[in-house]
Amino acid sequence: MQRTRVDRMPTPRSTRAGTRRAISVGAYTLVYAMALLVLAREPGASVFEPLFVLVVLGIAFPLLGLRLTRGVTATPDPIARPRAEAGAALAWLAIFAFGVLGWGFSAVRAAVAQAAAQELAIVAVKLLAMVAIPVLILGSFGHRPRQLLAPNLHWPAIALPLAGMGLALLAFQAVFGRGLTTLGELAPGAGTLAWAIPACLAWMALEAGLTEEFLFRRFLQERLSAWSGSDVLAVCVASLLFGLAHAPGLYLRGAHAMEGVAAQPSIAWAVAYSIAVVSPAGLLFGTLWARTRSLGLVVLLHGLTDLLPNLADFIRTWG
């Protein structure tokens, strides 16, 4: 019997893209749920805080960012070899996680005792490992440093998301964060606040904003997006890795104390907390990056996010 050949219709590109988006969101949700389960098993733990952070930073604020960036035209990096560049980015991130986050920062803190000198040493290591070396890696693929480090603050298109998201993030930290409480205990005068607020904002934009956003947005997320053909997948993966990058600080360097955890945490807690509480911020910054490709925007907003939580310590160190 002669078989009748049936030609399959090609799957529309929009359908494939929708499938990738659904799988990406589903995978992130599954990993997040597993992190919540780990946190829920800790003595006296509550999943209310991470769920609240997810709803606000991971859902509501990204939706606000999409609204505020409506009409903004983003120009992705021209990437001729996306698979090779994404592989190089993931490989360096693994080396960075074990070599710098695992023991590098702790070694610097042990070697440099004075607070101000220690902070300068830490930011130097961050700029080297999170900006300079990634620039060199991408330079080997033909990318120019001027292109990679361009802030892309195209006014007035960026003005609305910068103002709107900046106010929202400051309000979130003021109402729900511990920064104002810590600052109140320090009770700095008006003269101190006059120099400390702009100085701390500039410092956080450099120490946290530029280093983390360049590494996770320009270096990693942009390569993942080009490789996978999906901004949503790139946002989800980069956000999980962004959260996990904070786990060594929570476990090894006492950052858990800033989160209200008195006892030395377990490794499982540090990993779960970094995913459940930190990675939603990656969803926000990743969404803003995907919409704008503006390094300056995410750097400034990251600095604003970290301003209030770090202002009191900044004054103690530099005041």
Side-chain angles (χ1 to χ4, degrees), residues 57-58 61-62 65 68-69 74 89 93 96 100-101 105 119-135 145 147-155 158-159 161-174 177 179 196-222 235 238-239 241-246 249 255 258 274 277-315 317-318:
L57 292 183
F61 278 16
L68 293 174
T69 56
L93 193 63
F96 170 76
V100 180
L101 294 178
F105 289 151
E119 291 301 313
L120 290 172
I122 289 293
V123 78
V125 172
K126 283 189 171 184
L127 288 171
L128 174 64
M130 303 171 77
V131 180
I133 291 178
V135 166
Q147 170 206 7
L148 296 171
L149 294 169
N152 292 334
L153 284 171
H154 302 301
W155 309 102
I158 297 302
L162 178 59
M165 291 307 310
L167 289 173
L169 289 166
L170 282 174
F172 175 79
Q173 289 289 8
I197 291 174
C200 184
L201 176 58
W203 180 261
M204 297 314 303
L206 174 68
E207 188 266 344
L210 176 61
T211 56
E212 295 185 15
E213 294 307 315
F214 186 89
L215 182 68
F216 288 99
R217 247 51 73 187
R218 172 74 78 184
F219 184 55
L220 177 63
Q221 183 178 322
E222 189 75 352
V235 168
S239 298
L241 294 176
F242 172 75
L244 287 171
H246 291 75
M258 294 181 61
S274 67
V277 178
V278 181
S279 74
L283 295 177
L284 169 59
F285 294 125
T287 298
L288 290 170
W289 171 261
R291 292 283 287 202
T292 67
R293 258 65 176 191
S294 173
L295 182 63
L297 175 65
V298 292
V299 165
L300 290 173
L301 290 176
H302 197 133
L304 282 169
T305 303
D306 288 352
L307 172 62
L308 290 180
N310 292 278
L311 185 55
D313 284 341
F314 183 84
I315 293 172
T317 301
W318 301 100

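Given the structure is predicted, the values throughout are model-derived calculations rather than measurements.
In this structure, Trp318 and Phe314 have tilted ring planes: the angle between them lies in the 30° to 60° band. Between Phe285 and His302, the angle of the ring planes stays under 30°, which puts this pair in the parallel group of the 30/60° scheme.
Between Phe219 and Val135, the closest side-chain pair of non-hydrogen atoms is not below 4.5 Å. Phe216 has its side chain out of reach of Val298: every pair of non-hydrogen atoms, C-beta onward, lies at least 4.5 Å apart. Side chains of Phe214 and Met130 form no contact here, defined as non-hydrogen atoms less than 4.5 Å apart. The shortest side-chain heavy-atom distance between Leu307 and Gln173 does not fall under the 4.5 Å cut-off. Residues Leu206 and Leu127 form a side-chain contact, since some pair of their non-hydrogen atoms from C-beta on lies under 4.5 Å apart. With a 4.5 Å cut-off on side-chain heavy atoms, Gln221 and Phe242 do not count as touching. Side-chain contact between Phe96 and Leu215 is present, with at least one heavy-atom pair separated by less than 4.5 Å.
What you find for Leu101 and Ala245 is that their closest heavy atoms are CD1-O, 3.2 Å. Residues Pro161 and Thr69 come closest through the heavy atom pair CB-CG2, 3.8 Å. Scanning all heavy atoms of the two residues, the minimum distance from Met204 to Asp306 falls at CE-CB, 3.6 Å. The two residues Leu284 and Leu57 come nearest to each other via the heavy atoms CB-O, 3.5 Å. Across Cys200 and Leu311, no two heavy atoms sit closer than the pair CB-CD1, 3.7 Å. Scanning all heavy atoms of the two residues, the minimum distance from Pro134 to Ala129 falls at CD-O, 3.4 Å.
Taken from CG in Leu167 to CG in Leu162, the straight-line distance is 9.0 Å, to the nearest 0.5 Å. With values rounded to the nearest 0.5 angstrom, Leu128 atom CG is found 12.0 Å from Thr211 atom OG1. Atoms CD and CG, on Glu207 and Leu120 in that order, are 10.5 Å from each other to the nearest 0.5 Å.
If you run side chain to side chain contact (heavy atoms under 4.5 Å, CB included) between Leu153 and each of Leu295, Thr292, Val299, Ile158, only Ile158 comes through.
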Checking side chain to side chain contact (heavy atoms under 4.5 Å, CB included) for the pair His154/Asn152: CA distance, chi angles, key distance, verdict? CA-CA 6 Å; His154 302 301; Asn152 292 334; 3.9 Å; yes
Could you go step by step and tell me if Phe61 and Leu169 meet the side chain to side chain contact (heavy atoms under 4.5 Å, CB included) rule? CA-CA 9 Å; Phe61 278 16; Leu169 289 166; 3.8 Å; yes
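Checked by atom type and distance alone, the side chain of Ser279 never pairs as donor or acceptor with a backbone atom of Gly243 at under 3.5 Å.
For Arg217 and Glu213, the salt-bridge test passes: some basic side-chain N is under 4.0 Å from an acidic carboxylate O.
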